[in-house]
Amino acid sequence: ITENDDYGKSDEGKGKKIMVEFVSANPTGPMHMGNARGGAIGDGLAEAMKWCGYDVTREFYVNDAGNQIAKFGHSLSARYLQHFKGEDAIEFPEDGYHGADIKERAEEYIALYGDKLLNFDEDTRSDELVKFALPKNIEKMKQDLAKYRINYDTWFLESTLHESGAITNTIEKLRKSDLTYEKDGALWLKTPGEEEKDEVLVRANGIPTYFAADIAYHMNKFATRGFDRAINIWGADHHGHVARLKSALDAVGLDGSKLDIVLMQLVRLTKDGELVKMSKRTGNAISLTDLLDEIPIDAARFFFNMREPASALDFDLGLAVKEDSDNPVYYVQYAHARICSIVKNILAENIKIVENPDLSVLINDNEIDLIRELASFPEEIILSAKNYDPARMTHYAVELANSFHRFYNACRVKNDDEDLMQARLALCLATKQVLENVLTILNITAPEVM
């Protein structure tokens, strides 16, 4: 009660500079369920680390260069030409982006500039359409993530690494190590371990790969910006990339062990026991926007953090909108609202809440269990940060709500024993504070009325 909003904070991290990079979705289309889970995990982890006294930066790495953007441009160009010449007249790239959003961006350009690009060569037309569409996609990502209550300290553009010469410098550093070799006109990086495949750094056509840019980006994190540790939240499909990237950082004279990768498993959406893959509205895979139209943001952020990142997650859409104790986020929020109601009713009877009640009268097992649960909160935050597992926060919130409901059902707060009533009121207020604090870490609301 005395520490208030600061209860649970510590100096465990001793001000070390930590970067948590998460989501970092390609800006070529809508964000999907993996991005939604990565967003909740990354944001929850960053906040837990902040509470532990780390100097935390949240970062989104924007892949606004390279192959994906070239593919994006050619997809836009094909849709642009199809508008004027008909879909049958123009073949769509086999590896292009087929989403409705590509057609929408092409139509937006046409609405403003008409057939201006019709007689341009393919590369010029693609470049112009990318210049038009990419900032719109990035802005949409920012808006969707802000709606999801995620606000980054930095949006880092991959293109700046190309423009500054950082990628060229990185490749030169790697060339000087004994870990590179040339084969078929390309420059390769040897990877430790027989099971790992070697990685191409520069293609035979002289263009650096995404992997080369990734090494330069991580050099920027450590050598240029001086982070003590970098934590990346990645999908489990990036598993093979981990050892190669750490090895490359070692090769350029940085300590690859300062990079930690949290590999996150897939999400399956279910409703009424059935698997849900498609959005009813668009007929496409469900995006983050679709999800937030369907369910409360509180539920999304809580549910995506209910399992440790390395575990696959079944997300029950039906459960997420239920307003009863089966829904874990509702159950936790209801414990908070219930305490607000108890306090309000006590004050309505003109009973004054004393500041320093005698707490030695709290001897019931349910009272002691609740006190123990409250006392464990600071350690739970430290373990969340140490283990890179913000799911500990949702588990803790449910356990605390459980302990409170058990206490409330066994121990009358308003009773004839003034000392006992005041002590139990203090216990209620302490519980309310800790519920608020754990929900704050998860960026979930703590309603006073439900």
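Annotation for K50: atom NZ does not count as buried by contact number, only 12 or fewer foreign heavy atoms lying within 6.0 Å. Within 6.0 Å of the CG atom in L112, the count of heavy atoms belonging to other residues, nucleotides or ligands exceeds 12. The environment of R412 atom CZ is sparse: at most 12 non-hydrogen atoms of other residues, nucleotides or ligands sit within 6.0 angstrom. For Y408, the OH atom sits in a loose shell: 12 or fewer heavy atoms of surrounding residues, nucleotides or ligands are nearer than 6.0 Å. Heavy atoms from other residues, nucleotides or ligands lying under 6.0 Å from CG of D88 number 12 at most. Taking a 6.0 Å sphere around CD of E91, one finds it holds 12 or fewer heavy atoms contributed by other residues, nucleotides or ligands.
Between the side chains of E128 and Y80, no donor-acceptor pair of N or O atoms lies under 3.5 Å. Under the 3.5 Å distance criterion, with hydrogens and angles disregarded, a donor-acceptor pair is assigned to the side chains of S287 and D290. Looking only at atom types and distance, the side chain of T394 has no donor-acceptor partner in the side chain of N305 under 3.5 Å away. Side-chain contact of E323 with N327: a donor-acceptor pair under 3.5 Å is absent, judged by distance alone. Remark: the Q333 side chain and the D298 side chain contain an N/O donor-acceptor pair separated by less than 3.5 Å.
Distance check: F60 CZ to D153 CG gives 14.0 Å after rounding to the nearest 0.5 Å. Interatomic distance, CD1 of I441 versus CG of D43, reported as 11.5 Å (0.5 Å rounding). Taken from CD1 in I41 to CZ in F304, the straight-line distance is 9.0 Å, to the nearest 0.5 Å.
Note on ring orientation: taking the six-membered ring where Trp is involved, the planes of H241 and H238 are perpendicular (angle over 60°, cut-offs 30° and 60°). Ring planes of H405 and Y331: tilted class, angle from 30 to 60°. In this pair, W155 and Y152 present their aromatic rings perpendicular. The plane angle is above 60°, beyond the 30 to 60° band. Ring planes of Y7 and F377: tilted class, angle from 30 to 60°. Note: F92 and H98 have tilted aromatic rings, judged against thresholds of 30 and 60 degrees for the angle between ring planes.
Under the 3.5 Å distance criterion, the side-chain polar atoms of D260 are left unmatched by any main-chain donor or acceptor of I231. Checked by atom type and distance alone, the side chain of S77 never pairs as donor or acceptor with a backbone atom of G73 at under 3.5 Å. No donor-acceptor pair closer than 3.5 Å links the side chain of H32 to the backbone N or O of I286. Of the possible polar contacts, none joining the T270 side chain to the G273 backbone as a donor-acceptor pair under 3.5 Å is found. Within the 3.5 Å criterion, the main-chain N or O of D214 finds a donor-acceptor partner in the side chain of H218. Side-chain N or O atoms of Y109 include none that pairs as donor or acceptor with a backbone N or O of A133 at under 3.5 Å. A donor-acceptor pair under 3.5 Å links the side-chain atoms of R37 to the main chain of Q265, judged by distance alone. A donor-acceptor pair under 3.5 Å is formed between the side chain of N415 and the backbone N or O of D417. The backbone N or O of K197 lies less than 3.5 Å from a partner atom in the side chain of R244, making a donor-acceptor pair. A donor-acceptor distance shorter than 3.5 angstrom exists from the side chain of N443 to the backbone of R149, with no hydrogens or angles considered.
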Which is it for K9 and D6 under the salt bridge (Lys or Arg N to Asp or Glu O under 4.0 Å) test, yes or no, and what are the steps along the way? CA-CA 6 Å; K9 291 181 179 175; D6 289 332; 3.1 Å; yes

Let's go through Q433 and D5 carefully: what are the C-alpha distance in whole Å and the side-chain angles of both, what is the deciding distance for side chain to side chain donor-acceptor pair (under 3.5 Å) to 0.1 Å, and is it a yes or a no? CA-CA 7 Å; Q433 186 64 60; D5 295 344; 3.1 Å; yes

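Paired with R392 under the rule salt bridge (charged side-chain N to carboxylate O under 4.0 Å, His left out), one option of E379, E380, E399 passes, and it is E380.
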Taking distance alone, no hydrogens or angles, what donor-acceptor pairs closer than 3.5 Å link side-chain atoms of residues 12-22 to residues at least two apart or in another chain?
unit_1, atom_1, unit_2, atom_2, d
K17, NZ, R225, O, 2.7
E21, OE1, K221, NZ, 2.9
E21, OE2, S24, OG, 2.7

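Inter-residue side-chain proximity for M33 and L269 is flagged as met; some heavy-atom pair is nearer than 4.5 Å. Using a 4.5 Å heavy-atom threshold, the side chains of I381 and C52 count as touching. Using a 4.5 Å heavy-atom threshold, the side chains of T209 and E199 count as separate. Side-chain contact between C428 and V413 is present, with at least one heavy-atom pair separated by less than 4.5 Å. Between T289 and Q143, every side-chain heavy-atom pair lies at or beyond the 4.5 Å cut-off. Between I261 and I233, the closest side-chain pair of non-hydrogen atoms is not below 4.5 Å. Side-chain contact between N232 and Y61: absent, with no pair of heavy atoms (C-beta onward) separated by less than 4.5 Å. Counting heavy atoms from C-beta on, the side chains of K271 and E294 come closer than 4.5 Å.
Contact check on R58 versus E47 returns a salt bridge, with a Lys/Arg side-chain nitrogen under 4.0 Å from an Asp/Glu carboxylate oxygen. For K140 and D101, the salt-bridge test fails: no basic side-chain N is under 4.0 Å from an acidic carboxylate O. Ion pairing between a basic and an acidic side chain is recognised when a charged N comes within 4.0 Å of a carboxylate O; E108 and R105 show such pairing.
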